[in-house]
Amino acid sequence: MEQNRTSLIMIFGATGDLAKRKLFPSLYRLFSKNKMDKFAVIGVARRALSNEDFQRSVKESVISALGNKENLDEFVSHFYYQSHDVADSSSYVSLRKFADQIDENYELEGNRIFYLAMAPEFFGPIALHLKSDGLTDVKGYKRLVIEKPFGHDLESAKELNQQIRSAFSEKEVYRIDHYLGKEMVRNIEVIRFANAIFEPLWNNRYISNIQITSSETLGVEERGRYYETSGALRDMLQNHMMQMVALLAMEPPISLTTDEVRSEKVRVFRSLRTFEGEEVKQYFVRGQYGEGTIQDEKVPKYRDEAMVDKESNTETFVAGKIMIDNFRWAGVPFYIRTGKRMATKSTKIVVQFKDIPMNLYYQPEKMLNPNLLVIHIQPEEGITLHLNAKKAGGHLDAQEVKLSFANTGIHAMNTPEGYEKLLYDCMRGDATNFTHWDEVAYSWAFVDKISEAWEKTKAEFPNYESGTMGPKAADELLEKDGFFWWPVTDLEVDICK
Ligand SMILES: NC(=O)C1=CN([C@@H]2O[C@H](COP(=O)(O)OP(=O)(O)OC[C@H]3O[C@@H](n4cnc5c(N)ncnc54)[C@H](OP(=O)(O)O)[C@@H]3O)[C@@H](O)[C@H]2O)C=CC1
Ligand SMILES: O=C1O[C@H](COP(=O)(O)O)[C@@H](O)[C@H](O)[C@H]1O
């Protein structure tokens, strides 16, 4: 793997929310840990700013995210700004000259990272201009980092991919899924493939079901316009949730190279059972939040949010039962749910093992608690294994005990932010935790069938109160299979101690 961390990083959308909240603080953390070699950053956006104004705003972003830090002035001295309308062809030529000059001044060896932190309609045109106006004509590496959403459906994603691929090869495209930068999402494969006790049990003989919950308490905030065209299915399920499914379900790769890991994930996507038309109802549930109370505050219903249609049919919640039709997973449901304005902010994976054949202990007429492996993605990070053991002092009464590991204290403080890890990977040329086009395409093909079915009918929205765990139908989805959602709030208790 390439390890040259010398680079000119060009951020398109450098005055935007993502750049300020995530990218600048992450770059600072890499700088402060000496994880970058020679570097310079050119920020690009329309508004007129001097280099000094821009450096001041970068400094403020870092302070607001991380507090006052050492060597901030030295850090921001690497930042430059170019006012540039990406929709206007004429200004790319001056951008190229500016980039060449900075490249020479900092001896950046012609290595370039183009980070597109802008609205998605600009992704394709920028990529084409970067090539046609010579910005990609460099002697070093060139990489394109592209934010979500990658298209709106399979058709639009294909079109976008074609535009991008006419300027960059697949190996040069880094499609960001920020969940792949989360510490515990990256830990899934280590937990699975580095423990003798899990991998032999990781199949339909021993696992009864897997549940992935990613709940948010926030509503749609200022993103009503975007969210109306997206909904929870496209915003969260098509990318983050499906990536977690793939990591949980994939076969052990031959090695940890980018190509091997990606090809195992793609095999999972190829094994997804697709649901169409009327069938969708049996496997997927949609919801939209109504009014309610979150942390003692009254919050409005989705249809009353800014830039949202009063009759909106957009889902802010989705729950689904995913079936992977391969030898390992046949018959094991992967239940997933995600939504806004839910009771708690939490992302957790619960792997529920099958019941043992009989209970010899206390109340033998009842089944023992099933063994669970809980992977706590956020806000707390860790793993908990739920077992049954003898009650101290009792006769042979069994009770549930939990073995927990929490990423707390020094570990948590040193845990790099998702974007920091992803930027670092990109600089080193490691694309393992970015999504390959094939993953994107299969995932859209799966999701498109669901949205097609949903678009044909008007849903009875709102159907869940803000501050709850979603509509009743999401509980019924599991109940009809004899399961229930493990309550994510109860699972939190031990790990937070
Ligand atoms: N914000 C977040 O937390 C997340 C964002 N994303 C994705 O990141 C991308 C950026 O999002 P976000 O930062 O929130 O968006 P913002 O709307 O906050 O920022 C957009 C940026 O684009 C610039 N811009 C707009 N039009 C032009 C133009 N014609 N030419 C040059 N610059 C232009 C704006 O600056 P100016 O007005 O000065 O031109 C601004 O810097 C999106 O794809 C989003 O989906 C993904 C995950 C999370
Ligand atoms: O990509 C997105 O993710 C966030 C949730 O991310 P998290 O890291 O806070 O779990 C979500 O709010 C947003 O709508 C979506 O676009």
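Atoms within each ligand, like the ligands themselves, are counted from 1 in listed order. All values below come from the heavy atoms of this structure, side chains included, with hydrogens, waters and symmetry mates left out.
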For [atom], closest protein heavy-atom neighbour:
atom: atom 38 (O) of ligand 1; value: R47 NE, 2.6 Å
atom: atom 10 (O) of ligand 2; value: Y179 OH, 2.5 Å
atom: atom 6 (O) of ligand 2; value: H178 NE2, 3.2 Å
atom: atom 22 (O) of ligand 1; value: G13 CA, 3.6 Å
atom: atom 12 (P) of ligand 1; value: L18 N, 3.9 Å
atom: atom 25 (C) of ligand 1; value: R46 NH2, 3.5 Å
atom: atom 44 (C) of ligand 1; value: K148 O, 3.7 Å
atom: atom 19 (O) of ligand 1; value: G16 CA, 3.3 Å
atom: atom 1 (O) of ligand 2; value: H240 NE2, 2.7 Å
atom: atom 5 (C) of ligand 2; value: E216 OE1, 3.9 Å
atom: atom 15 (O) of ligand 1; value: D17 N, 4.5 Å

Subset of ligand 2 atoms that lie under 4.0 Å from at least one heavy atom of K340: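 Listed by number with element, the hits are 11 (C), 12 (O), 13 (C), 14 (O).
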Atoms of ligand 2, numbered as shown, that sit under 4.0 Å from any heavy atom of K148: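 Result: 1 (O), 2 (C), 15 (C), 16 (O).
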F12-F122 aromatic ring centre distance below 6.0 Å: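 So the answer is no for these two rings.
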Residue portion contacting ligand 1 (non-hydrogen atoms closer than 4.0 Å) for F123: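 Side chain only.
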Tell me whether the count of non-hydrogen atoms from other residues, nucleotides or ligands lying under 6.0 Å of [atom1] in [X] goes above 12.
X: E460; atom1: CD; value: no
X: K131; atom1: NZ; value: no
X: E221; atom1: CD; value: yes
X: E222; atom1: CD; value: no

Note, [X] side chain near [Y] side chain (heavy atom, < 4.5 Å):
X: R341; Y: E305; answer: yes
X: W437; Y: I164; answer: no
X: Q243; Y: Y179; answer: no
X: Y227; Y: D235; answer: yes

Nearest heavy-atom neighbours spanning A45 and T15: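 Smallest interatomic distance, heavy atoms only, reads CB-OG1, 3.4 Å.
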Considering all heavy atoms, the nearest S77-E74 contact: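 Smallest heavy-atom distance, with atoms named: OG-O, 2.6 Å.
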D235 heavy atom under 4.0 Å from ligand 2: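 For ligand 2, residue contact (heavy atoms, under 4.0 Å) with D235 is present.
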Residue-ligand contact Y227/ligand 2, heavy atom below 4.0 Å: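 No, that is not the case, since the closest heavy atom of the residue is not under 4.0 Å from the ligand.
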Parallel, tilted or perpendicular, as decided by the 30° and 60° cut-offs, for the rings of Y289 and Y464: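 Because their plane-to-plane angle is over 60°, the rings of Y464 and Y289 count as perpendicular.
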Going by the closest heavy atom to [atom], which one wins out of [options]?
atom: atom 8 (O) of ligand 1; options: E147, H84, K20; value: E147
atom: atom 10 (C) of ligand 1; options: G43, P125, P120, A117; value: A117
atom: atom 24 (N) of ligand 1; options: R21, Q82, M118, R223; value: M118
atom: atom 9 (O) of ligand 2; options: K345, Q378, K182; value: K345

Carboxylate-amine/guanidinium proximity below 4.0 Å for K33 and E420: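 Counted as a salt bridge, because a side-chain N and a carboxylate O are separated by less than 4.0 Å.
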Decide whether an N or O pair under 3.5 Å exists between [X] and ligand 1.
X: Y419; result: no
X: V86; result: yes
X: V44; result: no

Show me which atoms of ligand 1 lie under 4.0 Å from any heavy atom of [X].
X: D85; result: 28 (C), 29 (N), 30 (N)
X: A14; result: 41 (O)
X: T15; result: 34 (C), 35 (O), 36 (P), 38 (O), 40 (C), 41 (O)

Side-chain H-bond candidate by donor/acceptor type, Y81 with E52, under 3.5 Å: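 The criterion, which ignores hydrogens and geometry beyond distance, is not satisfied for E52 and Y81.
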Side chains of T384 and H376, donor plus acceptor under 3.5 Å: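 Their side chains do contain a donor-acceptor pair, which is all the 3.5 Å distance test asks for.
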Sub-4.0 Å heavy-atom approach of F122 to ligand 1: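 Yes; F122 lies near enough to ligand 1 that a heavy-atom distance drops under 4.0 Å.
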Under 3.5 Å: donor-acceptor pair, side chain of Q211, backbone of F484: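 Indeed, once roles are kept as given, a pair shorter than 3.5 Å links the two residues.
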Test item: protein heavy atom less than 4.0 Å from atom 41 (O) of ligand 1: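 Protein heavy atoms within 4.0 Å of atom 41 (O) of ligand 1 - there is at least one.
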